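Structure first, then comments.
Please read all numbers here as calculations on a predicted model, not as lab measurements. Along the sequence shown, the residues carry numbers beginning at 1.
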Amino acid sequence: MSERKKALFAVFKPEVMPSSEELCAQFTTSYPVFMDMEEMEYKCWWIDQDQGEWGALYVFRSAEELDAYIASDRWLKIIPEKYNCTPQWRVMDVGMIISKTLHTEPPAA
């Protein structure tokens with residue numbers, strides 16, 4: 001397995017843009033899944049209400065692990081069904097990563 005990290009940048013452009021609060025509630029349901037994915041080291045969701053889009057930046061441990069994710073049923077079927085649109089995406093090389101010790105937590109159920 002290659003030790004070189006890879007990033008996945010995904011953009012969703014739904015026909016009807018949910019509110020930021022609705023999106024954050026949907027993101028919360030995915031926290032447990034991504035916390036258990038050892039191959040994914042980082043994920044940050046973002047929302048741009050002005051442009052009518054939202055998305056995520058993922059960092060994977062390797063190109064092979066990223067390739068397996070984008071070929072998975074989760075990426076090809078589950079995510080488009082959950083959010084009612086298919087993301088535009090691209091794979092990028094990773095530069096430096098800076099992570100602070102404070103991370104957001106999912107809201108209590």
Side-chain angles (χ1 to χ4, degrees):
M1 176 173 62
S2 168
E3 295 300 317
R4 187 163 188 170
K5 297 180 189 319
K6 284 289 191 176
L8 172 63
F9 184 73
V11 178
F12 291 78
K13 297 181 180 186
E15 287 185 32
V16 177
M17 182 69 173
S19 70
S20 294
E21 293 77 18
E22 290 170 318
L23 285 168
C24 286
Q26 288 181 324
F27 301 157
T28 299
T29 65
S30 298
Y31 265 79
V33 173
F34 291 109
M35 290 301 293
D36 289 341
M37 288 178 60
E38 290 183 27
E39 65 274 18
M40 191 193 65
E41 295 184 341
Y42 173 89
K43 180 173 183 179
C44 176
W45 285 279
W46 55 268
I47 302 165
D48 186 338
Q49 287 291 346
D50 291 339
Q51 296 295 315
E53 62 187 28
W54 65 272
L57 174 67
Y58 309 69
V59 175
F60 285 82
R61 292 185 301 193
S62 70
E64 294 86 358
E65 289 171 319
L66 187 150
D67 289 344
Y69 180 70
I70 59 176
S72 72
D73 189 53
R74 176 164 194 75
W75 183 251
L76 296 174
K77 186 173 189 298
I78 296 170
I79 289 173
E81 287 177 3
K82 178 179 181 178
Y83 296 110
N84 203 28
C85 70
T86 300
Q88 298 172 0
W89 57 273
R90 63 185 190 262
V91 173
M92 300 177 286
D93 289 327
V94 175
M96 292 180 60
I97 299 171
I98 298 171
S99 179
K100 303 289 183 172
T101 56
L102 178 62
H103 300 276
T104 57
E105 297 289 332

Atom pair OG (S72) and CG (D67), whose distance is rounded to the nearest 0.5 Å: 11.5 Å
Contact check, side chains of V33 and M40, non-hydrogen atoms, under 4.5 Å: no
Rounded distance [0.5 Å steps], CD in E39 versus CD in E64: 12.5 Å
CD-OG1 distance between E81 and T86, expressed to the nearest 0.5 angstrom: 9.5 Å
Spacing of NZ belonging to K82 relative to OG belonging to S30, to within rounding of 0.5 Å: 3.0 Å
Within-4.5 Å side-chain heavy-atom neighbours: D93 and R4: yes
Validation row: M17, F12 side chains within 4.5 angstrom (heavy atoms): no
Path from L66 to I97 over hydrophobic side-chain contacts below 4.5 Å: no
Side-chain donor/acceptor of Q49 to backbone N/O of P18, under 3.5 Å: yes
Joint cluster assignment, I78 & Y31, ILVMFWY side-chain distance < 4.5 Å: no
N84, CG: over 12 other non-hydrogen atoms inside 6.0 angstrom: no
Heavy-atom closest pair, residues F9 and L57: CD1-CD1, 4.2 Å
Shortest non-hydrogen contact from K77 toward P80: O-CD, 3.4 Å
Aromatic ring pairing F60/Y69, orientation class (parallel under 30°, perpendicular over 60°, tilted between): tilted
4.5 Å side-chain heavy-atom contact, C24 and W45: no
Side chains of P14 and W54 in contact at under 4.5 Å (non-hydrogen atoms): yes
From I47 atom CD1 to E53 atom CD, the distance as rounded to the nearest 0.5 Å: 11.5 Å
Close side-chain approach of E65 and M37, heavy atoms under 4.5 Å: no
Joint cluster assignment, I70 & I79, ILVMFWY side-chain distance < 4.5 Å: yes
From OH (Y42) to CG (L8), nearest 0.5 Å: 13.0 Å
Aromatic contact, W89 with Y58 (centres under 6.0 Å): no
More than 12 heavy atoms from other groups under 6.0 Å of CE on M35: no
